[in-house]
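First the structure, in the form of structure tokens, and then the observations on it.
Start at 1 and go down the list; that is how both ligands and their atoms are numbered.
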Amino acid sequence: MTTDTTTKDTPVTTTPGNPVLEARGVTMRFGGLTAVRGVDLTVNSGEIVGLIGPNGAGKTTFFNCLTGLYVPTEGEVRYQGQVLPPKSFKVTAAGVARTFQNIRLFANMTVLENVLVGRHTRTKEGFWSAVLRGPGFHRAEAASKARAMELLEFVGLAHKAEHLSRNLPYGEQRKLEIARALASEPGLLLLDEPTAGMNPQETRATEELVFAIRDMGIAVLVIEHDMRFIFNLCDRVAVLVQGEKLIEGDSATVQGDERVVAAYLGEPFEGAPGDEEVAEVESAEAAHEQADAAPAEAEPVDAAPADAAPTDAAPTDAPTETPADTPAEATTDAAPGKENDR
Ligand SMILES: Nc1ncnc2c1ncn2[C@@H]1O[C@H](COP(=O)(O)OP(=O)(O)OP(=O)(O)O)[C@@H](O)[C@H]1O
């Protein structure tokens with residue numbers, strides 16, 4: 001894969017505690033169905049904010065409104081005080097990156113190439129530079145690869161840089177999606193169900209990864225159904241029910257709200273992980289260590305579970321496209337005809 005990798009200016013750095021994302025009165029209607037109704041949400045720098053709600057509550061639709069994939073029927077979304085353009089690649093260029101509920105990687109590209117694609121918005125086009133392949137081009141390409149490798153190191157995938165992404169186990173595909181999102185050097189990262197399909201050990205590792213991302217100065221907004229993950233991780237949690245924000249507050253406030261319990265949790269959440277959960281994680285870790293000690297096995301052909309089948313998880317035709325010139329969202333498969341045309 002070749003790409004012109006001259007580094008552009010990175011997005012504006014954030015001041016701790018200032019609003020990074022401000023969504024005001026966001027409403028999204030699909031014909032007669034109002035999926036999101038008048039939702040306000042602020043994410044400040046240095047924060048991890050959770051978005052929870054029952055299936056069909058409008059969480060992903062709201063994310064799609066934030067990231068330019070949908071143009072909200074009403075309302076406004078600002079990043080760093082500027083109204084976001086209704087085009088997803090411009091939103092990414094502005095400094096908002098995301099991952100998807102259904103993993104969207106370039107299946108037949110290597111792990112490293114997938115991250116390089118994510119650097120698209122931080123590199124100049126430079127067609128002639130790429131054709132002529134002068135020293136400037138090679139320097140820029142080396143710098144971009146070095147940054148991509150740093151990010152792979154950060155998520156723990158550097159040793160798999162040359163593997164095809166479709167051969168990664170499911171949990172690692174999710175990590176790779178995060179590395180690719182980070183490659184655009186965002187100020188805000190939106191994660192849509194980052195632990196879906198993960199075992200307890202992988203979930204705990206993802207929790208640590210999200211904390212580390214926040215510590216890098218990137219604000220995080222995360223959708224997740226795993227309540228333990230959300231309440232351990234988030235400074236604030238907003239609850240959507242039938243497209244409307246029911247409540248927003250810290251973990252204790254949200255867990256203690258009777259309406260949340262009734263509408264979503266079903267039964268009170270027990271709080272921080274107890275002995276049972278700790279034992280479960282420790283036993284998973286011990287099993288993992290045993291597996292590591294055992295003789296190396298062949299690389300799995302496709303370790304993704306059934307719900308991460310190639311059509312969803314990793315479009316196989318992607319490499320025939322023009323990855324270096326195509327935003328990562330080029331692999332999107334959601335709601336034909338309903339998304340913004342980017
Ligand atoms: N493109 C679309 N066209 C029509 N209706 C849609 C579209 N996208 C979402 N919806 C509807 O909007 C509502 C909210 O869906 P959405 O996927 O945002 O919910 P969610 O909270 O993310 O659910 P889940 O937790 O199951 O992912 C649902 O009724 C869904 O069927």
### Message
Per the salt bridge (charged side-chain N to carboxylate O under 4.0 Å, His left out) rule, what does the pair list look like for residues 236-252, sequence neighbours excluded?
### Response
Arg37-Glu244, Glu47-Arg236, Arg236-Glu248, Lys245-Glu248
### Message
So, 4.0 Å and heavy atoms of Gly53: is ligand 1 close enough to count as a contact?
### Response
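Contact check Gly53 vs ligand 1: negative.
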What atoms of ligand 1 come closer than 4.0 angstrom to any heavy atom of [X]?
X: His225; result: 25 (O)
X: Pro54; result: 21 (O)
X: Ala57; result: 19 (O), 20 (P), 21 (O)
X: Ala35; result: 12 (O), 13 (C)
X: Tyr70; result: 1 (N), 8 (N)
X: Gln101; result: 27 (O)
X: Thr61; result: 9 (C), 14 (C), 15 (O), 16 (P), 18 (O)

### Per-residue contact class, Phe63 against ligand 1 - non-hydrogen pairs under 4.0 Å
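It is neither part, as no heavy atom is under 4.0 Å.
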### Leu33 contact mode with ligand 1 (heavy-atom cut-off under 4.0 Å)
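Under 4.0 Å from ligand 1, Leu33 contributes side-chain atoms alone.
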### Query
Do you see a donor-acceptor pair shorter than 3.5 Å between the side chains of Gln101 and Thr60?
yes
### Task
Take Thr195 and Glu202 through the test side chain to side chain donor-acceptor pair (under 3.5 Å) and record every step on the way to the result.
CA-CA 8 Å; Thr195 73; Glu202 289 172 327; over 6 Å; no
### Query
Which residue pairs pass the side-chain hydrogen bond (donor to acceptor under 3.5 Å, both in side chains) test with at least one member in residues 147-157, sequence neighbours excluded?
Arg147-Glu150, Arg147-Glu185
### Query
More than 12 heavy atoms of other residues, nucleotides or ligands under 6.0 Å from CD of Gln242: is that the case?
no
### Query
Any N/O of Gly58 closer than 3.5 Å to an N/O of ligand 1?
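Yes, Gly58 has an N/O under 3.5 Å of an N/O on ligand 1.
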### Query
Going from CZ on Phe63 to CG on Leu191, what distance comes out if it is rounded to the nearest 0.5 angstrom?
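That separation rounds to 6.5 Å.
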### Query
Within 45° of the ring axis of Phe211 and under 6.0 Å from its six-membered ring centre, is that where the NZ or CZ of Arg214 lies?
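Negative - Arg214 is either too far from the ring of Phe211 or too far off its axis.
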### Task
Kindly confirm or rule out a cation-pi arrangement of Arg228 over Phe231, judged by NZ or CZ under 6.0 Å from the six-membered ring centre and within 45° of its axis?
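Not flagged: Arg228 not positioned over aromatic ring of Phe231.
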